[in-house]
K.L.:
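Before I ask anything, here is the structure I am working with.
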2 protein chains.
Amino acid sequence: MTTSRPTLRDVAAAAGVSPMTASNALRGKTGVRESTRAKVLAAAKKLDYRINLTASMLKSGRSNIIHVIVNEFDSPFYSKLTQALSNEIVARGLIPFIEQTRYSADAATHALTTNPFSGQLFDGEIIHAWGLDAHVPVAALNGGRPFVLVDACEETPTLDAVNFPNEEGERAAAQLLIDHGCRNIAIVGHAFAERADLAHAQNAFGLRLRGACGAILDAGLPYDASAVFEAGSAADGITAGHAIARQILDARSGNTDALPPFDGVCCANDYAAFGVIRGLADHGIRVPQDVKVIGFDGVSCGSYATPSLSTVEVNLEQLAKYALDMLTARIEHQANGGNEDGETLPPSRAIIGYRIVERESTATRPSECSAHAL
Amino acid sequence: MTTSRPTLRDVAAAAGVSPMTASNALRGKTGVRESTRAKVLAAAKKLDYRINLTASMLKSGRSNIIHVIVNEFDSPFYSKLTQALSNEIVARGLIPFIEQTRYSADAATHALTTNPFSGQLFDGEIIHAWGLDAHVPVAALNGGRPFVLVDACEETPTLDAVNFPNEEGERAAAQLLIDHGCRNIAIVGHAFAERADLAHAQNAFGLRLRGACGAILDAGLPYDASAVFEAGSAADGITAGHAIARQILDARSGNTDALPPFDGVCCANDYAAFGVIRGLADHGIRVPQDVKVIGFDGVSCGSYATPSLSTVEVNLEQLAKYALDMLTARIEHQANGGNEDGETLPPSRAIIGYRIVERESTATRPSECSAHAL
DNA sequence: ATGAAAGCGCTAACAC
DNA sequence: GTGTTAGCGCTTTCAT
C-alpha cells in the first residue's frame, strides 16, 4: 500500500487547526497568530507537506508560471535570451516555462492558442519567435492575456513590446567599420532593398539593414545589391562568406572587370557573422587582416571565438526586466479586476540598450589581433 | 463583464450529451459512437473549448509533463542537449518543462524536493546537473518517481541512467592525436591524477581523463602533472591555453631547461577547447599548424568555428530516446499499479554512441585547413 | 483570528 | 454506449 502525500487537511489536523487557517499560515497571510503559524509550519515540516499546485491553480486561477516562447534552444542568441529571461523570472519568484517553436509559425500559433496551457495555466507570456509579425496575427491570438512581444517590430502598437535597438545599433556597427577605414562594406542579413523602401521595414533584419545602409550612404560610400547578402544563420553566413571571398580574390587577381574588394562586413547577427568568417577562411581570407567583420547580439561565444567577434551587444538583462515589468503590471491589473470594467492598460513599448564591443574581428593593428579582449 | 472560457459542461450541453461522454469523446476514448463524437467535437470547436489542464491533472494525477533539469541554458552543450530532449519529448506527445540550476547544488536539490511541482505535477524527470554525484544524494531525493540521471556516473546503480562514452570516446580522441603524429599531448579537463587512481573516477571528466591517459601511456608517450590542466569552461580553457602556449614558446626560444613543446591538446569538452584555441591565439600559436586540438561533445558551433573543431560527437538524439524509453516504461509501470505490490522495475543503464569528427583543428596538411568540413 | 461551506473543472468508477 | 455520482486538494467567501 503506497502511503500517499499528506494534504493540507493532514497538516491542519496535526496542528489542531482548520484547513483554512493552515492554508493562510502556510501562505504567509496576515491575520494569523504567530503561535498558530508556528504550529502549522512545524506540522507541515514534520509531515513533509508539499502543496498540490494543480489544486491551488484550479481554485485560484493563478499559477505564477510565465510562458516563454522562442524559436529554438540550440543557438547562441536564443540560449542567451532564454537564460536572461529565466534568471529574471526566477528572481521575481515566478516560474519560467520555456518552449521552442523551431521556427514554425504553426508551432507558434499552437503555443498561443490550441495549447491548453496558454490562457489557463500561464499567468503571462513572452514571445520571440520568427515570422510572427508577418504570418501569425499575434494580437488576435492573445485573448487579452498578459503578453509581451520581443522584437517583433509590428507597427500597430496594440501589445506590450520590448524591441532591440535595431536601426541605431546596426548604424553604429557600420559606422565602426567606416571609422576603421573600411570603404567597401558588405552587408549580411536582410535581402537587398533600396533605402527608400526600407522606410517601411517591418522586421528586425529590415531595420538593421536600414541602419547599416544609412551609415554607409551618409558616408558617401557605395550601397547596392551586389554588396548585400541574405543570411540569418551560420549556414547562410558561410555561403555569404564564400561570395565575399570570391569577390576579394577576383579583385586581387588583377581582373580589370572585377568589383572592388570588400574590406568590411556588417552582419545582422553574430550567428551569421561566425558563418561569414568561416566562409572567408575557406578561401584563405583572414579576419581582420583582409576584411573586418562585425556582428549583432553579443552572444557569449563571441568573446572566446578566434578571432573574437566585434559586435553590437544588446542588454538582455534589461530586456528581461522590461518584459517582466510589463507582464506583472498587467497581471496585477487583471487580478484587481481591471479588465472587467473596460479599463485596459495602454500598451507599453521599450527599446533596450546596447554597447559596441570591439574585439579582434575589427582590429586595425596586428598587435590588437592577438590581445584577448573580453 | 468578462465572458469566461467554456467548460466541458458547456460543450456537453451544446452537444446534447453528458459531460462524461463529452470527455470521453474529446480524449479519443473507445466506446463512443462516431456520430456522438462528431457532435461533441463540433460543439467544442464552435465554443472554442480548451480543456482546463489544472482540473484534469488534479483529478487524474497525470500531467504528461516531463521535467528536465540542466545546469544552464547559455552554453553550447546544454543548449544542444536541451533541444534534443525537448524535441524527443514533444515527439512523444509529452510536454517538456526545462529548468536550469546554474551549477548550484542547492538549486538542484530544490528542483527535486522543495519545489512543489516535482512529484506532484511532473510525470517524470531527467537531470543532467553538475555536482549531483558528489554533493546531492539524488537517489534519496527521488521518492520513487520516474527519474533518469544523465551522465552522473554514480557507481551504485539504483536509478535509471544514460551515460556518455566518456572513457572510450576520450581514448579515441587522444588516439586520433597520436595517429596524426602528436608526441607530447596536453590534457585539459579533470585535474591531474595517476592512472591507478583514476580506476575509481566518479565523474565524467575523471573518466575522460582515464581514457586520454590510457591512450597516451599505452602508446609509450609521456603523461604527468605538467601536461594536465583543469578546465571545464571557455574561461578556464583560455587560462590553460596560455599555459600551453608559454611552454611551446619557451621551448622554441631555445631554452635548454624547457619542457618539450606540446603538439596536441585533448580537451574534456568543446567548450574548454574553444577557450584553449583562444588562449593559444593570444600568444600567436596557430591551430592546427602549431598544435592540434580536439574537443568532446560535438556542439553545433564546432562546425562553423574557425578553425572548425575536431571532436567526439555524442549522439544526443539517442540519449533522448533512451531517457524517454526508461521514463515512459516507469510511468506506465506505475500507472498499472506496479509499485504498489513492491514489484519495482530494476534500474536500466545505457551508454550512448559517438563518432569522431575530424575537422580543421586536427588537420595534418595545410590543404585540409581551408576545406570547410561539416 | 479562526472556521464552515461551497465549488473550481475535470475524470475514475460504477450504474444503466 | 451513455449517464450519474462523487471527489481530487485547495482557496474564496462569509460567518463567527
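Because the structure is a prediction, the values reported are computed rather than measured. Reminder, nothing fancy here: chain letters follow the sequence lines and each chain counts from 1. What's counted below: heavy atoms across the whole structure, side chains too, no hydrogens, waters or symmetry copies.
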K.L.:
Salt bridge or not between A:Arg92 and A:Asp325? Use side-chain N to carboxylate O under 4.0 Å.
P.N.:
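A salt bridge is present here (some side-chain N lies under 4.0 Å from a carboxylate O).
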K.L.:
Quick one: which residue pairs count as a side chain to side chain donor-acceptor pair (under 3.5 Å) with a foot in residues 35-45 of chain A, not counting sequence neighbours?
P.N.:
A:Glu34-A:Arg37
K.L.:
How would you list, by chain and number, every residue that makes a salt bridge (charged side-chain N to carboxylate O under 4.0 Å, His left out) with A:Lys80, sequence neighbours excluded?
P.N.:
none
K.L.:
Checking A:Phe97 now: which residues fulfil ring-ring contact (aromatic ring centres under 6.0 Å, His included) with it, not counting sequence neighbours?
P.N.:
A:His67, A:Phe117, A:Phe122, B:Phe97
K.L.:
For A:Leu26 versus A:Ala44, what's the shortest heavy-atom pair and its separation?
P.N.:
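Closest heavy-atom pair between A:Leu26 and A:Ala44: CD2-CB, 3.9 Å.
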K.L.:
Provide the closest heavy-atom pair for A:Met57 versus B:Thr54 in the form atom of the first, atom of the second, distance.
P.N.:
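Reported closest heavy-atom pair: CB-CG2, 3.7 Å.
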K.L.:
Is it the case that the side chain of B:Asp10 and the backbone of B:Thr7 share a donor-acceptor pair, with hydrogens and angles ignored and the cut-off at 3.5 Å?
P.N.:
yes
K.L.:
Which atom pair, heavy atoms only, marks the closest approach of B:Arg330 to B:Pro346?
P.N.:
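Scanning both residues, the minimum pair turns out to be NH2-O, 3.1 Å.
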K.L.:
Would you tabulate the nitrogen or oxygen pairs shorter than 3.5 Å linking the protein to nucleotides 14-16 of chain C?
P.N.:
none

K.L.:
Check salt bridge (charged side-chain N to carboxylate O under 4.0 Å, His left out) between A:Arg9 and all other residues, then give those that pass, not counting sequence neighbours.
P.N.:
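So A:Arg9 forms no salt bridge (charged side-chain N to carboxylate O under 4.0 Å, His left out) with any residue.
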K.L.:
According to a strict under-4.0 Å criterion, is A:Ser18 in side-chain N/O contact with OP1 or OP2 of C:dG3?
P.N.:
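Looking at the OP1 and OP2 atoms of C:dG3, one of them is under 4.0 Å from a side-chain N or O of A:Ser18.
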K.L.:
Keeping to residues at least two apart or across chains, list the salt bridge (charged side-chain N to carboxylate O under 4.0 Å, His left out) pairs with something in residues 47-65 of chain B.
P.N.:
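Listed once each, the pairs are B:Arg5-B:Asp48, B:Asp48-B:Arg50, B:Arg62-B:Asp123.
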K.L.:
List in chain and number order the residues that pass ring-ring contact (aromatic ring centres under 6.0 Å, His included) with A:Tyr49, two or more places apart in sequence or in another chain; answer none if no residue qualifies.
P.N.:
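Partners of A:Tyr49 by the ring-ring contact (aromatic ring centres under 6.0 Å, His included) criterion come out as none, since no residue qualifies.
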K.L.:
Taking five pairs at each end of the helix from C:dA1-D:dT16 to C:dC16-D:dG1, what angle separates the two helix axes (nearest 10°)?
P.N.:
30°
K.L.:
B:Glu99: what forms a salt bridge (charged side-chain N to carboxylate O under 4.0 Å, His left out) with it, not counting sequence neighbours?
P.N.:
none
K.L.:
With a 4.5 Å cut-off on side-chain heavy atoms, are A:Phe73 and B:Leu81 touching?
P.N.:
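A side-chain contact is absent here, since even the closest heavy-atom pair is not under 4.5 Å.
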K.L.:
In the structure I gave you, are the side-chain heavy atoms of B:Thr82 and A:Ile98 within less than 4.5 Å of one another anywhere?
P.N.:
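Sidechains of A:Ile98 and B:Thr82: no contact.
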K.L.:
Reading DNA chain D from 5' to 3', where do the contacts with chain B start and stop? Cut-off is 4.0 Å to heavy atoms.
P.N.:
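Footprint of chain B along DNA chain D, 5' to 3': D:dG1 to D:dG9.
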K.L.:
Round to the nearest Å and state the distance from A:Arg9 atom CZ to C:dA5 atom P.
P.N.:
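Rounding to the nearest Å, CZ of A:Arg9 and P of C:dA5 are 12 Å apart.
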K.L.:
Please give me every residue in residues 33-40 of chain A whose heavy atoms get under 4.0 Å of an atom in DNA chain D, ordered by residue number.
P.N.:
none
K.L.:
What heavy-atom pair brings A:Asn71 and A:Gln100 nearest, and what distance separates the two atoms?
P.N.:
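For A:Asn71 versus A:Gln100, the nearest heavy atoms are O-CB, 3.7 Å.
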K.L.:
Measure CZ/A:Arg62 against C1'/C:dC8 and give the value in whole Å, please.
P.N.:
16 Å
K.L.:
With the criterion being N/O to N/O and under 3.5 Å, what pairs connect the protein with nucleotides 11-13 of chain C, and how long is each?
P.N.:
unit_1, atom_1, unit_2, atom_2, d
C:dT11, OP1, B:Ser56, OG, 3.4
C:dT11, OP2, B:Ser23, OG, 2.7

